[in-house]
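Encoded as structure tokens, the structure appears first; notes follow it.
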Amino acid sequence: VQLQASGGGLVQPGGSLRLSCAASGSIFRINAMGWFRQAPGKQRELVASITRGGITNYADSVKARFTISRDNAKNTVYLQMNSLKSEDTAVYYCNVSPYLDLRVGRTTDYWGQGTQVTVSS
């Protein structure tokens, strides 16, 4: 499975960005899709995930601000990020799994190349 992420950038606090991640290759392996992020000096953390059936999961810190969605026909997952804060600054990584959930360290899962999101005035 290959993942191509896009949509990061620089935005002011309170602004919005939309991340996209398109999967190709052995896509039949994919169930859950989602995003992790890693800020400098911090551990990689799950931001949001969505199963093929549409069940979503969010980190408490992004609930009500971020929305994850997916287009199964296009094998693409999206992360709409609104009301961005400086603490959202991180490298965001797309992740897919044959399982219903996402977690760091599982050898069955696939990672995208990472896209930088910087929230600053």
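Predicted, not measured: the structure shown is a model, and the values here were computed from it.
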### Message
If I compare all heavy atoms of S121 with all of P13, which pair ends up nearest, and what's the gap?
### Response
N-CD, 3.7 Å

### Task
Quick one: pull up OG in S86 and CD in Q12 and give me the separation to the nearest 0.5 Å.
13.0 Å

Without placing hydrogens or testing angles, list every side-chain donor-acceptor pair under 3.5 Å for residues 48-57, not counting sequence neighbours.
{"residue": "T51", "atom": "OG1", "partner": "G53", "partner atom": "N", "Å": "3.3"}
{"residue": "T51", "atom": "OG1", "partner": "G54", "partner atom": "N", "Å": "3.3"}
{"residue": "T51", "atom": "OG1", "partner": "I55", "partner atom": "N", "Å": "3.0"}
{"residue": "R52", "atom": "NE", "partner": "I30", "partner atom": "O", "Å": "3.4"}
{"residue": "R52", "atom": "NH2", "partner": "I30", "partner atom": "O", "Å": "2.8"}

### Query
Which residue pairs satisfy the ring-ring contact (aromatic ring centres under 6.0 Å, His included) criterion with at least one member in residues 4-62, sequence neighbours excluded?
F36-W111

### D88: partners by salt bridge (Lys or Arg N to Asp or Glu O under 4.0 Å), with sequence neighbours left out
R37, R65

### Message
For A39 versus A90, what's the shortest heavy-atom pair and its separation?
### Response
N-CB, 3.8 Å

#### Entry: Value rounded to 0.5 Å, distance of CD in Q2 from CG in N75
12.0 Å

### Query
Does any non-hydrogen side-chain atom of T115 lie less than 4.5 Å from one of S6?
no

#### Entry: 4.5 Å side-chain heavy-atom contact, Y78 and T67
no

### Query
Once you round to the nearest 0.5 Å, how far does CE of M81 lie from OH of Y92?
5.5 Å

Side-chain donor-acceptor pairs under 3.5 Å in residues 14-22, sequence neighbours left out?
{"residue": "S16", "atom": "OG", "partner": "N82", "partner atom": "OD1", "Å": "2.9"}

## Note on the structure
The reported gap from CD in Q116 to OG1 in T89 (rounded to nearest 0.5 angstrom) is 7.5 Å

### Task
Measure the CG-CG distance between L102 and N31 for me, rounded to the nearest 0.5 Å.
9.5 Å

### Message
When you measure from the side chain of D71 to the backbone of V77, do you find a donor-acceptor pair of N or O atoms at a distance under 3.5 Å?
### Response
no

### Task
Check the hydrophobic clustering (I, L, V, M, F, W, Y; side-chain heavy atoms under 4.5 Å; chains of links allowed) and say if V62 and Y93 are grouped together.
no

### Query
In the single-linkage hydrophobic clustering (I, L, V, M, F, W, Y; side-chain heavy atoms under 4.5 Å), do I68 and F66 co-cluster?
yes

### Message
Is there a path of hydrophobic side-chain contacts, each under 4.5 Å between heavy atoms, that joins I27 and Y110?
### Response
yes

### Task
Report yes if some heavy atom in the side chain of S69 is under 4.5 Å from a heavy atom in the side chain of L79; otherwise report no.
no

#### Entry: Residues that K63 engages under salt bridge (Lys or Arg N to Asp or Glu O under 4.0 Å), provided they are two or more places apart
D60

### Query
Are L10 and V91 co-members of a hydrophobic cluster defined by side-chain heavy atoms under 4.5 Å apart?
no

### Which atom of V1 lies closest to which atom of A23, heavy atoms considered
CG1-CB, 4.4 Å

### Task
Could you tell me whether E87 atom CD has more than 12 heavy atoms of other residues or ligands within 6.0 Å of it?
yes

### Those residues that, when tested against D101, pass salt bridge (Lys or Arg N to Asp or Glu O under 4.0 Å) (two or more places apart)
R103, R106

